[in-house]
*Asks:* 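Before anything else, here's the structure in question.
Counting begins at 1 with the first residue of the sequence.
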Amino acid sequence: MTTVVPTSEEDPALSVVRFTSELAWSDAGPEVMEQQASRLCVEAQECMVMNRWLDLTSLMLTSADIVFSNSKVSEKDLECIFTVICNLVTKSRSPDEELEMAKLICAKIIQQPSDKPALRLKILFNLYNLLDNAYCRFYVFMKALNLAVSGKVTEHVIPSFQKIDSFLKEWNLEVQDQRELFLSVANALKDSKSSAKDSFKFLTKYLATFSYEDTYKMGEAKEEAARTIIEFVKAPDMFQCDLLDMPAVGQLEKDAKYALVYQLLKIFLTQRLDAYLEFQAANSALLKSYGLVHEDCIAKMRLMSLVDLASHKSGRIPYALIKDTLRIDNDEVELWVVKALTTKLIDCKMDQLNQVVLVSSCTERVFGLRQWQALRTKLGTWRGNIESVINTIQANKITEDSSQAVQGMMIR
């Protein structure tokens, strides 16, 4: 964070007012420039004496556009000027005044997002660090995020997304603000191929904020719900999600516009390749409109179908069944099994002699209530087994100690 060190007796705020006003009136001639600069400095002093910090902020921001556009002002000077302006928020007398001051500064900074976007972003984060009020910080963060997207400098804000959970605890946001945050983060990540999974994660966080009680608001999530489904289908390395359990996604099932998108999700999460091929034959234009590549969808559905076989065949899958289900040649069976192994979808061994795949475990495509109940049952069984082992060890230890005691008495 930039620190302004006064080099004269004049207050830094007055120095900024004088500098910017002289810059603004320089074309009017020396006399007019001095007259206007003096007038604005007097007005600024009155604000300072009366503790009218919001008015002073507004006054100092009047010439901000000129400062940004003037080639004679270096980026270092720009940063110093706005550091002085941003520092005024530390003098605010209430959270409401602090928020109003932050809004004024943000409004001026984000006006031209494509002009020096990285510097503007740095100024906003300097402002963020000066704020005490949690909601003010959230407000400035959102403005910085939107500026980064508009100015195409999202690489400067993406690292901060790793701290979103701690930010949420600090900001203590209402549900509507959480939705705005999650959706904005997802939008910032969507154009970054390396962040596709993170974009999907924040989209699902956004959708998860809607419940059946939000019927009157849930409609606003339809487009994002469809987008999340398409992102899941497109992703070559995502094979599990809980979208089907979300009310915001469930509303698409009977929606006139997005019902087919919902049907596509159900195919990928609950059915096999044959169902997808049938769907594609009837809706090829729809898939193309969403940018889905048929060959990529087939490859993903083959893996999903193999997972489905692994979860339904008691740990033994004949090669012939894999061949028929995945619609591949005999010599491709082991290739697809290896693909499923390398993507950690299944854990298995191939019995080439008997032409079967022996599955020890597999990934669940959907992890909903049924899967949680099964996990609970399994953990209960494990707990019971462990308690039985502990009881057996303790019983054996008591018997051993008793035998040693009896032997000791006999020796005496």
Side-chain angles (χ1 to χ4, degrees), residues 196 200 203-204 207 222-314 316-340 343 345-346 348 355-357 359 362-368 370-371:
F200 178 81
L203 276 176
T204 55
L207 296 176
K222 285 183 180 180
E223 184 177 343
E224 304 309 331
R227 170 185 158 192
T228 308
I229 292 172
I230 297 302
E231 285 202 12
F232 171 75
V233 173
K234 277 184 179 180
D237 55 352
M238 282 196 287
F239 301 94
Q240 183 188 72
C241 72
D242 55 0
L243 292 177
L244 287 176
D245 291 333
M246 294 184 178
V249 175
Q251 69 177 327
L252 303 185
E253 185 173 13
K254 298 179 180 179
D255 185 77
K257 183 178 180 180
Y258 295 117
L260 288 174
V261 177
Y262 182 84
Q263 185 180 341
L264 181 65
L265 176 67
K266 287 197 72 173
I267 290 171
F268 269 79
L269 289 178
T270 65
Q271 299 181 55
R272 297 178 182 174
L273 179 62
D274 57 345
Y276 165 74
L277 292 173
E278 183 179 344
F279 179 88
Q280 191 275 337
N283 302 284
S284 59
L286 175 76
L287 297 180
K288 287 181 180 178
S289 70
Y290 283 110
L292 294 170
V293 180
H294 180 49
E295 291 75 14
D296 294 341
C297 290
I298 288 178
K300 183 166 181 172
M301 272 307 299
R302 279 175 173 157
L303 289 171
M304 298 289 249
S305 300
L306 188 51
V307 170
D308 193 60
L309 288 174
S311 63
H312 286 86
K313 286 297 174 182
S314 303
R316 292 176 63 89
I317 316 174
Y319 277 29
L321 181 58
I322 296 175
K323 169 184 172 295
D324 293 340
T325 303
L326 273 58
R327 300 197 180 190
I328 54 178
D329 296 329
N330 287 323
D331 58 358
E332 293 181 284
V333 170
E334 292 186 357
L335 172 65
W336 283 97
V337 172
V338 170
K339 285 183 178 181
T343 51
L345 290 174
I346 60 174
C348 66
Q355 296 284 284
V356 294
V357 175
V359 180
C362 68
T363 297
E364 293 280 357
R365 289 191 285 177
V366 178
F367 206 91
R370 183 176 66 84
Q371 287 73 27

*Asks:* Please name the pair of heavy atoms, one in M304 and one in L269, separated by the smallest distance, quoted to 0.1 Å.
*Replies:* CE-CD2, 4.3 Å

*Asks:* What distance separates H294 NE2 from S284 OG, expressed to the nearest 0.5 Å?
*Replies:*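 Result: 9.0 Å between the selected atoms.
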
*Asks:* May I ask you to say whether D296 pairs ionically with K234, meaning some side-chain N is under 4.0 Å from a carboxylate O?
*Replies:*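 No, this pair does not count.
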
*Asks:* So which atom in L260 and which in N283 form the shortest heavy-atom distance, rounded to 0.1 Å?
*Replies:* CD1-OD1, 3.3 Å

*Asks:* Is the CD atom of E334 crowded by more than 12 outside heavy atoms at less than 6.0 Å?
*Replies:*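 Result for CD/E334: enclosed.
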
*Asks:* Any chance you could lay out the side chain to side chain contact (heavy atoms under 4.5 Å, CB included) test for V233 and Y290, step after step, and finish with the verdict?
*Replies:* CA-CA 10 Å; V233 173; Y290 283 110; over 6 Å; no

*Asks:* Check whether any side-chain heavy atom of L287 sits under 4.5 Å from a side-chain heavy atom of F279, and report yes or no.
*Replies:* yes

*Asks:* Are the side chains of V359 and R316 in contact, using a 4.5 Å heavy-atom criterion?
*Replies:* no

*Asks:* Give me the atom names and distance for the closest heavy-atom approach of A248 to A225.
*Replies:*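 Distance-wise, the nearest heavy atoms are O-CB, 3.6 Å.
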
*Asks:* Who are the ring pair (Phe, Tyr, Trp, His ring centres under 6.0 Å) partners of Y319, not counting sequence neighbours?
*Replies:*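 Here no residue qualifies.
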
*Asks:* Nearest 0.5 Å, what's the OG1-CG distance between T270 and L265?
*Replies:* 8.0 Å

*Asks:* Does K323 form a salt bridge (charged side-chain N to carboxylate O under 4.0 Å, His left out) with D329? I'd like the steps, not just the answer.
*Replies:* CA-CA 6 Å; K323 169 184 172 295; D329 296 329; over 6 Å; no

*Asks:* Passes side chain to side chain contact (heavy atoms under 4.5 Å, CB included), L243 versus L207? Steps please.
*Replies:* CA-CA 9 Å; L243 292 177; L207 296 176; 4.3 Å; yes

*Asks:* Roughly how far, to the nearest 0.5 Å, is SG of C241 from CG of L203?
*Replies:*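 Here the rounded value is 12.0 Å.
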
*Asks:* Look up atom OG in S305 and atom CZ in R365, then write down how far apart they are to the nearest 0.5 Å.
*Replies:*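 If I round to the nearest 0.5 Å, the distance is 6.5 Å.
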
*Asks:* Within the structure provided, determine whether T228 and V249 are in side-chain contact (heavy-atom separation under 4.5 Å).
*Replies:*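 Counting from C-beta outward, T228 and V249 never come under 4.5 Å.
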
*Asks:* When you compare the side chain of T325 with that of L273, does any pair of heavy atoms fall below 4.5 Å?
*Replies:*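 Counting from C-beta outward, L273 and T325 never come under 4.5 Å.
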
*Asks:* Which heavy-atom pair separates I322 from I317 by the least distance, and what is that distance?
*Replies:* CG1-CG2, 3.5 Å

*Asks:* Test side chain to side chain contact (heavy atoms under 4.5 Å, CB included) on L326 and R272; report intermediate values, then the result.
*Replies:* CA-CA 8 Å; L326 273 58; R272 297 178 182 174; over 6 Å; no

*Asks:* Write down the atom of D255, the atom of Y258, and the distance for their closest heavy-atom approach.
*Replies:*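 D255 and Y258 have their closest heavy atoms at OD2-N, 3.0 Å.
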
*Asks:* Within 45° of the axis and under 6.0 Å from the centre of the six-membered ring of F232, does NZ or CZ of K300 qualify?
*Replies:* yes

*Asks:* Between W336 and L303, is any pair of side-chain heavy atoms under 4.5 Å apart?
*Replies:*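 They are in contact (side-chain heavy atoms under 4.5 Å apart), so the answer is yes.
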
*Asks:* Please determine whether side chain to side chain contact (heavy atoms under 4.5 Å, CB included) holds for the pair M301 and I267, giving the CA-CA distance in whole Å, both sets of side-chain angles, and the decisive distance to 0.1 Å.
*Replies:* CA-CA 9 Å; M301 272 307 299; I267 290 171; 4.2 Å; yes

*Asks:* Answer whether the closest heavy-atom distance between the side chains of K339 and L335 falls below 4.5 Å.
*Replies:* yes

*Asks:* So, taking the atom named CG in L345 and the one named SG in C362, what distance separates them when rounded to the nearest 0.5 Å?
*Replies:*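 Answer for the CG-SG pair, L345 versus C362, is 9.0 Å.
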
*Asks:* Are L252 and K257 side-chain neighbours, meaning at least one heavy-atom pair lies under 4.5 Å?
*Replies:* no

*Asks:* Restricting to non-hydrogen atoms, name the atom on C348 and the atom on I346 that form the minimum distance, rounded to 0.1 Å.
*Replies:*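 C348 and I346 have their closest heavy atoms at SG-CD1, 3.6 Å.
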
*Asks:* Is there a side-chain contact between M246 and D242 in this structure, where contact means two heavy atoms from C-beta onward sitting under 4.5 Å apart?
*Replies:* yes

*Asks:* How far does CG of L292 sit from CD of Q280, to the nearest 0.5 angstrom?
*Replies:* 10.5 Å

*Asks:* Should R227 and E223 count as an ion pair when the cut-off is N to O under 4.0 Å?
*Replies:* no

